[in-house]
Amino acid sequence: MNSSYRNTIFVEDAEILQHTGYEGDQYLIRLRAPKTAEHAQPGNFVHLQCDDLLPMRRPMSLMRVKPKTGEIEILYKRHGHGTTLLSQRNVGETLSVMGPIGRPFKLENYHRYPLLIGGGVGLPPMVYLAEHMKNLRGEISPFVILGSEVPFPFPLKPSQIIIEGIPNGVIATMPLLEDWGVACRLASLQDYPGCFEGYVTDLARSWLETMEPHQRSEVEIFSCGPTPMLKAVKMLAEEYGLPCQVSLEEYMACAVGGCAGCVVRLETETGPKMKRVCVDGPIFEAKTVVFQ
Amino acid sequence: MAKNNLTIEFCGLEFNTPLVLLSGCVGFGDEYTRVEGFSNKDVGAVCLKGTTLDKRLGNPPHRIMETPAGMLNAIGLQNPGAHTVVEEILPTLDFSETRFIANVSGSTVEEYEEVTRLFDDSPIDAIEINISCPNVKEGGVAFGNNPDMSACVVEACRRATNKPLITKLSPNQTDITENARRCIEAGTNGLAVINTLMGMAIDIESRKPVIGNNQGGLSGPAIKPVALLKVHQVYQVAKAHDIPIIGQGGICTAEDAIEFLIAGATAIGVGTALFYDPTVCKKINTGLIDYLERHQLADLSDLVGTLTLHD
Ligand SMILES: Cc1cc2nc3c(=O)[nH]c(=O)nc-3n(C[C@H](O)[C@H](O)[C@H](O)COP(=O)(O)O)c2cc1C
Ligand code: FES
């Protein structure tokens, strides 16, 4: 019997502990969901009941997970009916959380220089992964590039961490990552102070170009963001011959593998395949993904 | 589950409870066991995903979309093919927990017959004939909306098996009762009423349909009143032949389930409701037991078809 995955997803009534709005219709919600928090791994998501008025849940990436206090944090952008209703929920109310869901990032063949590229609502999985990496001992030093075309949902802070290959004046970082000692830079076309003016992939390229070839061969890319960005990241990885894992999003109904509603088309050695983003993903090897 | 008065008989099979998990919502029977608090033991039967002779990749994304009180889907019968289902998937299922029903589809009458034959030679408990899938170009609803073709498919499947045959009817047709009558004459043992209604959603920025297949099948609470009327209508034909019905379409609560029983359903299908609450079956079971006690009924069969119409 195929029982290895039995009882791995929990349904919890999670109390809203914090719900903060930021510019650009962005919200941070912190929930008490101890079972999800205990079992989650970087790359996992939860399936959230935003409101009783909706017939369906919404998948949301995890940004921070605190097993000790049983808390999870989600960052979302209000863009439709579901997230609009969610944004109206108050601290003290409860939401039903299903989680943790999905295959996490594959981290067994750790490369020494992980490059994490997050764009827009693709930022949370990168923060989760960065926190996980900084907690690991060893010689791993991730470099995180975050891009956004609306104001970042945190105050920009000049970084004290020196990174080679970064244009002068590109000094802004995310305070949380700075506190963790994780190297990070921000990119945007909106001319935000201290941010790289251009695409995340351009900033990544400038970093890669100044590396010694032996260092560059130890880079692995992890990415999440809008499809055009992921396409560009996939091309960058191919150009430099680097392994690359991407986190994908798709509309979901069940989020447990039951409906095949959330598929992505992959080109594999054995031909085309339709894989479910919820349980076969959401993390996939970029080289296999056929972006629409 | 302990023996209780939720046990029903359906096409000669004993079901733990009247609940049937619907085809296409629960993969090949085991996916929901990922969820703590969900158990196949809480349901009488589980219908597997629609299966064709050869494997199908299905439709391009997006395949699903939330709509008011429901959802559209156009999966396009993605499945690994009947041989793989019978040889590789069925052996992994735990038949001690519940019963499993195959859901058979095809582009030709011969394909329906062949797939049914493959399942006949397997441990599957019953076979559901899906002549109502709205999301494939050939077969499916094209057969289900034509009583002659429906009867022809049922006869072919009947030739291929002695296991209980359940025919799943489409609501997208003029007279569902005529179709039901023809399927009964052709040898079906049960009926499933209803499959999804055809619908569309449009992205007003791109002016394209949201669904990759352009159109999809509507399910969930939005279709419940339609489903209830169809069950009531089909029951008028089926009861004379003692043919049981799996009522389905938007059922989310015990109250919904009871309405369908009163309208004439013997078993209760749960599909879309699982997506919102994966532990909904336990709640429906509890509500059903409660209702039986409150109304001092011995078991659910005392409720089936007890609707009294206004004069
Ligand atoms: C995502 C999805 C996939 C489905 N796939 C199938 C299928 O393969 N075969 C079939 O006979 N019905 C299929 N159906 C129809 C359901 O089995 C059921 O008849 C219908 O959804 C109405 O019930 P509900 O409102 O409780 O979901 C599917 C429904 C959904 C939502
Ligand atoms: S959302 Fe149902 S299979 Fe992924």
Side-chain angles (χ1 to χ4, degrees), chain A residues 1-12 35-36 39 47-59 80-82 96 98-102 227 248-266 271-280 290-292, chain B residues 21-22 24-39 49 55-79 89 91-94 96-97 210-212 216 219-222 250 252 271-279:
Chain A
M1 234 189 44
N2 191 356
S3 59
S4 62
Y5 54 54
R6 283 207 168 190
N7 301 327
T8 52
I9 299 174
F10 305 93
V11 185
E12 307 184 79
K35 289 183 177 174
T36 303
H39 294 95
H47 208 29
L48 206 62
Q49 276 184 2
C50 298
D51 195 284
D52 284 344
L53 291 173
L54 297 169
M56 305 185 73
R57 292 170 180 253
R58 297 289 185 279
H81 189 45
S96 171
M98 266 173 84
I101 309 175
T227 304
L248 302 183
E249 295 188 345
E250 182 48 278
Y251 295 151
M252 291 188 188
C254 70
V256 301
C259 73
C262 62
V263 296
V264 54
R265 193 183 165 96
L266 301 185
K273 287 208 164 76
M274 291 297 213
K275 286 288 183 186
R276 299 162 299 184
V277 171
C278 63
V279 293
D280 301 321
V290 183
F291 290 106
Q292 302 291 322
Chain B
L21 301 185
L22 296 177
C25 301
V26 292
F28 283 93
D30 207 43
E31 303 293 350
Y32 263 93
T33 65
R34 288 186 163 88
V35 178
E36 190 197 49
F38 171 93
S39 171
K49 175 67 188 169
K55 90 168 189 206
R56 286 176 60 96
L57 282 177
N59 291 328
H62 301 299
R63 289 178 168 186
I64 52 176
M65 174 72 193
E66 185 184 77
T67 58
M71 64 177 281
L72 286 170
N73 90 79
I75 309 301
L77 293 177
Q78 177 174 353
N79 78 92
I89 297 179
T92 67
L93 296 178
D94 188 347
S96 74
E97 292 186 329
V210 176
I211 297 285
S219 64
C252 299
T272 303
L274 284 168
F275 303 157
Y276 193 66
D277 181 0
T279 61

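First the proteins, then the strands, lettered A, B, ... as listed; each starts at 1. All of these numbers come straight from a predicted model, not from anything done at the bench.
Chain B forms the most heavy-atom pairs under 4.5 Å with one residue out of His47(A), Arg276(A), Arg265(A), and that residue is Arg276(A). Of the listed residues Ile75(B), Ile64(B), Val26(B), the one with more heavy-atom pairs under 4.5 angstrom with chain A than any other is Ile64(B).
Closest approach of Asn59(B) to Met274(A), counting heavy atoms only: O-CE, 3.6 Å. When all heavy atoms of Val35(B) and Val256(A) are compared, the pair lying nearest together is CG2-CG1, 3.7 Å.
Screening residues 63-76 of chain B for side chain to side chain donor-acceptor pair (under 3.5 Å) gives Arg58(A)-Glu66(B), Arg63(B)-Gln78(B), Asn73(B)-Asn135(B) as the qualifying pairs, with residues at least two apart or on separate chains.
Considering only heavy atoms from C-beta on, Glu31(B) stays 4.5 Å or farther from Cys254(A) through its side chain. At least one side-chain heavy atom of Val11(A) sits less than 4.5 Å from a side-chain heavy atom of Pro278(B). When side chains are defined from C-beta on, Thr272(B) does not count as touching Pro55(A), because their heavy atoms never get closer than 4.5 Å. In this structure, His81(A) and Pro68(B) have side chains that are not in contact, with every pair of non-hydrogen atoms separated by 4.5 Å or more. Considering only heavy atoms from C-beta on, Val210(B) comes within 4.5 Å of Tyr251(A) through its side chain.
Within 6.0 Å of NZ on Lys273(A) lie more than 12 heavy atoms contributed by other residues, nucleotides or ligands.
The distance from atom OH of Tyr276(B) to atom CE of Met56(A), rounded to the nearest 0.5 Å, is 11.5 Å. Atoms CD1 and OH, on Ile9(A) and Tyr32(B) in that order, are 9.0 Å from each other to the nearest 0.5 Å.
Residues satisfying the side chain to side chain donor-acceptor pair (under 3.5 Å) criterion with Asp277(B), sequence neighbours excluded, are Thr279(B), Lys283(B).
Arg6(A) contributes no side-chain N or O that, together with a main-chain N or O of Arg34(B), makes up a donor-acceptor pair within less than 3.5 Å.
Both the backbone and the side chain of Leu57(B) come within less than 4.5 Å of a heavy atom of chain A. Of the two parts of Thr8(A), the backbone and the side chain both hold a non-hydrogen atom closer than 4.5 Å to a non-hydrogen atom of chain B. Of the two parts of Ile101(A), neither the backbone nor the side chain holds a non-hydrogen atom closer than 4.5 Å to a non-hydrogen atom of chain B.
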